[in-house]
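Below you'll find the structure, written out as structure tokens, and then a few comments.
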Amino acid sequence: MFRVLPLLLLCIVAPVSLRAQENLVEQQIERIRHIVLSRKDSPAAIAQLVQLARELPASAAAKLYAEIADDYLRTGQYDQAGELLRQLVEQYPNQPTTIAALTTLAQLYASSEVVCSQAINPRQNPPGDDLATYALHLVAGTPREQLAAAPALGFQCAVAARRSGRLSAAQSFLTPLKHNPRTQPWHERARAETWLTTPRELPPPVTTRGCLPITVRPVLDGQLQDATWQSTTAHTLPSGLVSYYAHDEEFFYWALRVPHQPGLEYSPDERPRQYDTELAPYDHVQLQLVLDRDSATSFCLAVNYRGQTHHSCWKSPHWNPQWFVASAQDDAHWSVEAAIPWTALGGAPPLPSDAWVLALQHRLPNHKIPPPAYELLL
């Protein structure tokens, strides 16, 4: 019996020692993260991270890089996020997080929304001074089999190629996706891209919405009495929400008519409106506009029945466009009319042949929010 006892003790002590090691790594990760983020936008922060992360196992270091890069994205520090993701890809090419990091890099540098909301300047000079071309350059060494196993990255490469004028390259990235239904949702989106670049004789593979060109501006009073909203195709959700879209040379117009929901209060608020009101406690509607159709980055505009607003660009809430909102309500409905200047959405009105991806959600407090449908705004 005494000869067996040391073995039993070993079986008990070893797992405790392993847990202690894991706890030590977690403590190191938290310490390094605190040091790096406390230095904010200091150029030395990432260099210090590279030095400190050498103490960690490769898997833990790669994960830490990805988490801090996400922190940078959420605060709009796009240059720092890009540099850190490049470091991750170069130093840890065989880690599971690498493909996700490449995808985020391609999204960052090929995103028209990010470029419009804040200038990003890679510290390495991009070929041709073109960020979408630079996105392709970053992914250029990725083996085709890895791309085939990562449809989100392949689709993002197609967006980058299209935005940089390489239309045949864009199709080469889309072809394996549109012929493989198992890559959903990218299969459906690749088919939609093909439909947009061919004569429109066949029905679209996804739902399309119209954005009416107008010559007479609607009066923004929240009443929706203008001729604009009578002739525009309505976009209706199961909750009864009706949404309308129109545009002229200066503005993108958005209107809503929303039925009151049982059990919710719709009391007025006469205080001055501010940027980025917390809308979760209220009946509100969120509209995502994806100008480059990458289904990753977007401009997000949200408004509630009081006309209070919230905005974000991709993961960062620090995009604060100046737009004009009027709201009204009666005993059964609330309504909104809004005008968003093109200067906030890329600088110039889209061409008649352009298309955006649209995602509309009716959000209610304490209700599960279903994912929005993938739709094209023509």
* **Check: Ser267/Glu265 side-chain N/O donor and acceptor closer than 3.5 Å** => no
* Answer with yes or no whether the side chains of Thr297 and Glu113 bring together a donor and an acceptor at under 3.5 Å. => yes
* Please list, chain by chain and in numerical order, all residues satisfying salt bridge (Lys or Arg N to Asp or Glu O under 4.0 Å) with Arg209, sequence neighbours excluded. => Glu375
* To do: Applying salt bridge (Lys or Arg N to Asp or Glu O under 4.0 Å), name anything that partners Asp221, two or more places apart in sequence or on another chain.
  => none
* Mind checking the CH2-OG1 spacing from Trp314 to Thr104? Nearest 0.5 Å is all I need. =>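 Separation between the atoms: 5.5 Å.
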* To do: Start with the C-alpha gap between Leu364 and His362, add the side-chain angles, then the distance that decides, and say whether side-chain contact (heavy atoms from CB on, under 4.5 Å) holds.
  => CA-CA 7 Å; Leu364 302 173; His362 189 183; 3.6 Å; yes
Quick check, are the ring centers of [X] and [Y] under 6.0 angstrom apart?
| X | Y | value |
| --- | --- | --- |
| Tyr253 | Tyr245 | no |
| Phe252 | His247 | no |
| Trp254 | Tyr244 | no |

So, the side chain of [X] versus the backbone of [Y]: is there a donor-acceptor pair under 3.5 Å, distance only?
| X | Y | result |
| --- | --- | --- |
| Asn304 | Asp283 | no |
| Glu337 | Gly222 | yes |
| Tyr275 | Thr309 | no |
| Thr277 | Arg273 | no |
| Gln230 | Asp226 | yes |
| Gln274 | Asp276 | no |
| Glu193 | Phe155 | no |
| His367 | Pro365 | yes |
| His284 | Val303 | no |
| His187 | Lys178 | yes |

* **Working for side-chain contact (heavy atoms from CB on, under 4.5 Å), residues Thr207 and Leu376** => CA-CA 6 Å; Thr207 300; Leu376 292 176; over 6 Å; no
* Using a strict 4.0 Å threshold on nitrogen-to-oxygen distance, state whether Arg31 and Glu55 make a salt bridge. => yes
* Is the His311 ring parallel, tilted or perpendicular to the Trp319 ring (thresholds 30°, 60°)? ->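 Ring orientation of His311 relative to Trp319: perpendicular.
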If two hydrophobic side chains count as joined below 4.5 Å and joins carry through other members, does [X] share a cluster with [Y]?
| X | Y | value |
| --- | --- | --- |
| Tyr109 | Val290 | no |
| Phe251 | Trp342 | no |
| Trp195 | Trp186 | no |

* Looking at side-chain heavy atoms only, is the closest gap between Leu279 and Arg363 below 4.5 Å? ->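 Side chain of Leu279 against side chain of Arg363, heavy atoms only: no contact under 4.5 Å found.
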* **side-chain contact (heavy atoms from CB on, under 4.5 Å) evaluation trace for Val206 with Glu188** => CA-CA 7 Å; Val206 297; Glu188 177 187 66; 3.4 Å; yes
* **Full working for side-chain contact (heavy atoms from CB on, under 4.5 Å) between Cys116 and Phe299** => CA-CA 10 Å; Cys116 292; Phe299 289 129; 3.9 Å; yes
* Asked: How close do Asp292 and Val159 get, heavy atom to heavy atom, and via which atoms?
  -> O-CG1, 3.8 Å
